[in-house]
Amino acid sequence: IHCDACAKACLCDPEILKSALAGEDVIVRAGDCMACGACVDACPTHALSLKVGRPAKSNSESARSDS
């Protein structure tokens with residue numbers, strides 16, 4: 001909903017959220033993220049989550065690595 005509640009709650013530089021929020025990436029890749037979860041807690045629609053590990057490969061990524 002782009003309410004910016006996550007950016008306001010971010011204890012780091014909220015700029016690290018921009019690519020994920022814009023849909024350009026599925027995760028926050030910035031090394032400055034402390035994984036504190038403040039952005040997740042602040043989201044009124046529960047659109048954010050915090051997980052450990054790398055995101056699962058998509059089918060298109062799997063096809064490229066199998067070639």
Side-chain angles (χ1 to χ4, degrees):
I1 60 173
H2 302 285
C3 67
D4 289 333
C6 56
K8 291 173 188 166
C10 183
L11 300 176
C12 295
D13 181 1
E15 290 289 314
I16 65 175
L17 302 171
K18 279 197 173 184
S19 63
L21 293 175
E24 298 165 0
D25 207 340
V26 295
I27 64 172
V28 173
R29 296 186 184 272
D32 290 338
C33 178
M34 299 184 308
C36 68
C39 58
V40 176
D41 292 341
C43 184
T45 63
H46 308 290
L48 304 175
S49 63
L50 184 64
K51 297 179 182 177
V52 177
R54 293 183 272 164
K57 287 185 178 181
S58 67
N59 288 337
S60 60
E61 288 181 68
S62 296
R64 278 186 260 147
S65 64
D66 292 340
S67 303

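Numbers here simply count residues along the sequence, with the first being 1. Computed from a prediction, not measured in an experiment: that's the story for all the values here.
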Correct closest heavy-atom pair for Cys33 and Cys12 would be CA-SG, 4.1 Å

With a 3.5 Å cut-off and sequence neighbours excluded, list the donor-acceptor pairs that the side chains of residues 44-53 form with protein atoms.
none

Using distance only, find each side-chain donor-acceptor pair of residues 15-26 under 3.5 Å and give its atom names and separation, not counting sequence neighbours.
unit_1 : atom_1 : unit_2 : atom_2 : d
Glu15  : OE2    : Lys18  : NZ     : 3.4
Asp25  : OD1    : Arg29  : NE     : 3.4
Asp25  : OD1    : Arg29  : NH2    : 3.4
Asp25  : OD2    : Arg29  : NE     : 2.5

